[in-house]
Asker: 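For reference, the structure I am asking about is given below.
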Amino acid sequence: MGCTAHSPLYITHLHTDARKTWLDDMEDIKPPRSLLGLPEFSWPGACLPCYDKLAVDENPWVLRMTGAHDSSALSRTPEPSPPATSQAPAEIEGQVEDSSLEQVQTMVVGEVLKDIDTACKLLNIAPDPLDWSCVHVQKWLLWTEHLYRLPHVSTMFRELTGKDLCSMTEADFKQHSSQHGDMLYAHLDIWRSTAAMKERCPTGDSKSADDDSWSDVMSNYPSQPIHLWQFLRDLLLKPHNYSRCIRWLNKEKGIFKIEDSAHVARLWGIRKNRPAMNYDKLSRSIRQYYKKGIIRKPDVSRRLVYQFVNPV
DNA sequence: AATCAGGACTACC
DNA sequence: GGTAGTCCTGATT
């Protein structure tokens with residue numbers, strides 16, 4: 001909790017029936033649908049600073065993560081309440097207890113950390129953008145492109161290290177990509193903020209939310225090669241992030257379906273630095289697992305459906 | 001047309 | 001030697 005007490009997250013205003021609105025608005029967040037390149041991130045009200053203007057009207061739950069490079073952001077900074085609208089009567093705001101806010105903050109911070117953990121693991125990059133090489137920057141950009149369904153933007157940031165990227169202003173980003181520069185800048189801002197926050201709370205308060213601890217990620221980096229089956233399993237274990245491209249049909253039996261074969265193949269290609277990866281090749285690798293008893297076709301064979309022989 | 005099965009070869013650790 | 005990437009033929013959905 002000590003960490004979240006200093007969290008750079010804070011709520012700008014609340015909705016009457018927060019839980020309902022939360023769910024109702026899930027489909028309306030665009031672009032993008034999540035904080036961290038995770039398209040189905042389940043915190044629709046958690047918006048990147050630059051998206052406030054896009055989302056605040058539709059999403060009364062607005063959590064703002066300010067830049068951690070701005071040291072003032074690291075103390076809880078209550079923002080002046082926005083003009084009360086029909087969606088957010090002032091009386092409701094007064095009813096929300098601090099503990100609820102703290103709970104929400106803790107949950108959001110936990111989700112952010114978990115999602116960065118996952119992305120780092122799947123991408124094989126460090127959590128702190130300052131540590132990124134040009135290759136890491138490109139991987140992060142490619143990943144973000146694919147998960148946000150953005151047009152090609154990575155080519156506009158060639159030859160840039162993480163340090164270069166972090167020294168760029170929002171205007172610089174827009175100069176590189178007039179259409180999506182602000183999104184990328186905001187997305188990067190989340191990563192930087194999280195890395196800075198982590199530095200302030202290195203003991204692991206914030207990792208209490210999950211087993212995938214930050215130290216795991218750190219010790220994973222630079223990590224050893226990952227097996228395809230591990231990669232697929234990692235995607236499957238983050239259903240709220242990746243269920244659009246791969247999901248369990250029967251988790252107990254380890255049966256899963258690849259919903260978007262091209263997308264999964266592309267993600268695998270990014271992870272392995274194989275730009276020419278496609279589903280034809282990925283599926284060949286999966287079939288190599290048949291003999292090894294790692295993955296098989298289910299008893300009733302279906303297209304794009306496979307089964308882990310030893311379910312998790 | 002996309003997916004599936006598996007042989008053959010290659011590259012890399 | 002193990003794992004995966006690549007290319008391939010032919011079958012199946």
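Every chain is numbered from 1, with letters handed out A, B, ... down the list of sequences. The basis for the numbers below is simple: all heavy atoms, side chains too, and nothing from hydrogens, waters or symmetry mates.
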Asker: Select one nucleotide: of dA5(B), dC4(B), dT6(C), the one nearest the side-chain heavy atoms of R274(A).
Answerer: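 Nearest nucleotide to the side chain: dT6(C).
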
Asker: Please figure out whether Y306(A) or K291(A) has its closest DNA chain B nucleotide nearer the 5' end.
Answerer: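 Nearer the 5' end of the strand: Y306(A).
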
Asker: Please give, in whole Å, the distance from dA4(C) P to N273(A) CG?
Answerer: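 Atom CG in N273(A) sits about 15 Å away from atom P in dA4(C).
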
Asker: Scan nucleotides 1-3 of chain C against the protein and return all N/O pairs shorter than 3.5 Å with their distances rounded to 0.1 Å.
Answerer:
unit_1	atom_1	unit_2	atom_2	d
dT3(C)	O3'	H227(A)	ND1	3.2

Asker: Can you list the residues that meet the side-chain contact (heavy atoms from CB on, under 4.5 Å) rule with R303(A), with sequence neighbours excluded?
Answerer: none

Asker: Provide, to the nearest angstrom, the distance between the CG atom belonging to L304(A) and the P atom belonging to dA5(B).
Answerer: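 Checked: the CG to P distance equals 11 Å.
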
Asker: Name the closest nucleotide to the Y279(A) side chain, picking from dA5(B), dA8(B), dT3(B).
Answerer: dT3(B)

Asker: Could you check whether the rings of W140(A) and W191(A) sit parallel, tilted or perpendicular, using 30° and 60° as the cut-offs?
Answerer: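 Aromatic pair W140(A)/W191(A) classed perpendicular.
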
Asker: Kindly say if S283(A) contacts the phosphate of dT3(B), meaning a side-chain N or O under 4.0 Å from OP1 or OP2.
Answerer: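 For dT3(B), neither OP1 nor OP2 has a side-chain N or O of S283(A) closer than 4.0 Å.
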
Asker: Extract from the structure each pairing of a protein N or O with an N or O of nucleotides 8-13 of chain C at less than 3.5 Å, listing the distance.
Answerer:
unit_1	atom_1	unit_2	atom_2	d
dT13(C)	O2	R303(A)	NH2	2.9

Asker: Report the distance from atom CD1 of I258(A) to atom P of dT3(B), rounded to the nearest whole Å.
Answerer: 9 Å

Asker: Go through dG6(B), dG5(C), dT6(C) for me and flag the one nearest to the K272(A) side chain.
Answerer: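 Nearest nucleotide to the side chain: dG5(C).
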
Asker: Please list all pairs meeting salt bridge (Lys or Arg N to Asp or Glu O under 4.0 Å) that have one or both residues in residues 287-297 of chain A, counting only residues at least two apart or in different chains.
Answerer: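 Listed by first then second residue: R296(A)-D299(A).
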
Asker: Just to be sure I understand the geometry, which residues of residues 229-237 of chain A put a non-hydrogen atom under 4.0 Å away from DNA chain B?
Answerer: none

Asker: Quick one: does Y289(A)'s side chain have a donor or acceptor within less than 3.5 Å of a partner on L228(A)'s backbone?
Answerer: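 Looks like yes, one N/O pair under 3.5 Å.
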
Asker: Transitive ILVMFWY cluster of L249(A) at side-chain heavy atoms under 4.5 Å: who else is in it?
Answerer: I255(A), V305(A)

Asker: Grab the CD1-P distance between I295(A) and dA4(C) for me, whole Å please.
Answerer: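 My rounded result for the distance is 10 Å.
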
Asker: Rounded to the nearest Å, what distance is computed from the CG atom of residue N278(A) to the C1' atom of nucleotide dA4(C)?
Answerer: 13 Å

Asker: Among residues at least two apart in sequence or on other chains, which ones pass side chain to side chain donor-acceptor pair (under 3.5 Å) with D164(A)?
Answerer: T161(A)

Asker: Tell me the interatomic distance from M277(A), atom CE, to dT6(C), atom C1', rounded to whole angstroms.
Answerer: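 Distance, rounded to whole Å: 9 Å.
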
Asker: Could you give the CZ-to-C1' distance, from R302(A) to dT3(B), as a whole number of Å?
Answerer: 14 Å

Asker: Taking only the side-chain nitrogens and oxygens of K281(A), find out if one of them lies under 4.0 Å from OP1 or OP2 of dA4(C).
Answerer: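 For K281(A), the contact criterion (side-chain N or O under 4.0 Å from OP1 or OP2 of dA4(C)) is not met.
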
Asker: Just jot down the side-chain contact (heavy atoms from CB on, under 4.5 Å) partners of E259(A), sequence neighbours excluded, or say none.
Answerer: R247(A), K257(A)

Asker: Using the test side chain to side chain donor-acceptor pair (under 3.5 Å), find all partners of D172(A) that sit at least two apart in sequence or belong to another chain.
Answerer: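 Counting only residues at least two positions away or on another chain, D172(A) forms a side chain to side chain donor-acceptor pair (under 3.5 Å) with T169(A).
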
Asker: Run the salt bridge (charged side-chain N to carboxylate O under 4.0 Å, His left out) test against R266(A) and tell me which residues pass, sequence neighbours left out.
Answerer: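 Partners of R266(A) by the salt bridge (charged side-chain N to carboxylate O under 4.0 Å, His left out) criterion come out as none, since no residue qualifies.
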
Asker: Using whole Å, what does the distance between atom C1' of nucleotide dT3(B) and atom NZ of K257(A) come to?
Answerer: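 Between C1' of dT3(B) and NZ of K257(A): 12 Å.
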
Asker: List for me each residue that meets side-chain contact (heavy atoms from CB on, under 4.5 Å) alongside D280(A), sequence neighbours excluded, and say none if there are none.
Answerer: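 For D280(A), the residues satisfying side-chain contact (heavy atoms from CB on, under 4.5 Å) (neighbours in sequence not counted) are N278(A).
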
Asker: So which of F173(A), W143(A), Y148(A) actually passes ring pair (Phe, Tyr, Trp, His ring centres under 6.0 Å) with H187(A)?
Answerer: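 Passing option: Y148(A).
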
Asker: Identify, with sequence neighbours excluded, every residue that meets side chain to side chain donor-acceptor pair (under 3.5 Å) alongside S285(A).
Answerer: none

